[in-house]
Amino acid sequence: MERGNFGSKIGAVLAAAGSAVGLGNIWRFPTECGSNGGAAFILIYILCVLLLAMPVMVAEFVIGRASRSNTVGSYRVLAPGKPWVVSGFLGVLGGFMVLSYYSVVAGWTLDYAFESISGGLLAHTDYGAVFNDFVSSPWRPVVFLGIFLFVTHCVVAAGVEKGIERFSKVLMPLLLLIIFVLIGFSISMPNASTGISFLLKPDFSKVTKDVILSAMGQAFFTLSVGIGTLATYASYFNKETKLVKTALGVCTIDTMVAVSAGFIIFPALFSVGVDADSGPGLVFITLPYVFNEAFGNMPVLEYIFSALFYVLLVLAALTSTISMHEIGTAYIHETFKLTRPKAAMVVTAICLTFGIICSLSFGLWKEVTVMGMTFFDLFDFITAKFLMPLGGLLICTFVGWDMNKKLVASELNSRFTPLLMILFSWVAPIGIGIIFVYGLISG
Ligand code: PHE
């Protein structure tokens, strides 16, 4: 079967960066950072990125490009008959789960983008009520979830070069531009310095086991690693793409965007005296309020700021949902010989079903819990704190210990190969293992 390819190196880098940069940076990172103590969390998170998540990213690139296959097929090519293929199946499962609940929040961003462009959002004053009414409504968030999944579906069905690459090339630079403008607005608000020191002055007394597990989960989530997303993308990289350089570039862009999101949100929050620890509603409840407080007497600026922000969220989410969708689509397309659009249809249908369940857990099914969590929280927990670290551990162990050493070295083709081998074989598996077991046991 003819396989897709990214047509250019820059297209490949931007697609991988597009996968990494998303709601994880702009919605999940500030939420986690706010509820885990600010600067100390950021430091641990950066350590997790460097020592644990980045090695997993490089390992995924190696597996993907060496096998030129989807995440399950890659183990069948590289280690036929061995149980590593389980890691591929866990990845496909993770991809379905993450896309299902992520699309719910992506749907919210779409609604907020429409509302802020039409001026509807600014007409309100009680943003908590607006948000709660919206997310608990049985149909409206579901409609937006459906629209979001449909758009994702269309891009993925269109294929690698015409769909994914073309989109990422336009969206990623636009995203970075909007972020710069927004930081400028935020740090020039009165009293912004309190928010800046929340982000820069660590208080280690706030660090608990749970903070460390959360920081690792965030590192994996934000870099899209551990469930084969980037292995799938790397299977479309051409031979000239430098894997280590690409990984460094993606990690740098992703971390910059996350920290920038912190610099957009916290200075503004502290400037108007809102609590940093306000949970998942942070960007949907507190921010409109912040826009309102900050620009109350300049409605045009308020309009521009909020419209830009929510459009930014939509774009960031889209380049990520595309990559989650691609894990399952590539697997089904190549394994069951369905055409790409048909394979994509299967993924969309499954994720829409589970997405609706997750969406309802903010309203009708609020009381339905498993292990004390709603379906939405359960999906987030299972993917970020369980499947992604576990997958990462397996991926690094495979590349470090079992994969053909010559093949690994020729794929890496870098002067950092010896260092990377130590990270794959020892540092990442042991580090992930310890945090994982410790964090789960302490529950
Ligand atoms: N990294 C994406 C983000 O930060 C989320 C993601 C997770 C994408 C897993 C693909 C796979 O929003």
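For the numbers below, each heavy atom of this structure counts, side chains included, while hydrogens, waters and symmetry mates do not. Order of listing sets the numbers, starting from 1, for every ligand and every atom in it.
- No donor-acceptor pair under 3.5 Å is formed between the side chain of Asp111 and the backbone N or O of Phe114.
- Ring orientation note: the planes of Phe270 and Phe198 are tilted relative to one another, at an angle of 30° to 60°.
- Note: Tyr233 and Phe6 have perpendicular aromatic rings, judged against thresholds of 30 and 60 degrees for the angle between ring planes.
- Using a 4.5 Å cut-off on side-chain heavy atoms (C-beta onward), Ser87 and Phe398 make no contact.
- The aromatic rings of Phe221 and Tyr101 sit tilted, their planes meeting at an angle between 30° and 60°.
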Close N/O pairs between ligand 1 and protein, under 3.5 Å:
| unit_1 | atom_1 | unit_2 | atom_2 | d |
| --- | --- | --- | --- | --- |
| ligand 1 | 1 (N) | Ser19 | O | 3.3 |
| ligand 1 | 1 (N) | Ala20 | O | 3.0 |
| ligand 1 | 1 (N) | Phe221 | O | 2.8 |
| ligand 1 | 1 (N) | Thr222 | O | 3.0 |
| ligand 1 | 1 (N) | Ser224 | OG | 2.9 |
| ligand 1 | 4 (O) | Ala20 | O | 2.8 |
| ligand 1 | 4 (O) | Gly24 | N | 3.3 |
| ligand 1 | 4 (O) | Asn25 | OD1 | 3.2 |
| ligand 1 | 12 (O) | Leu23 | N | 3.1 |
| ligand 1 | 12 (O) | Gly24 | N | 2.7 |
| ligand 1 | 12 (O) | Tyr102 | OH | 2.5 |

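- By the 30° and 60° cut-offs, the orientation of the rings of Tyr310 relative to Phe284 is parallel.
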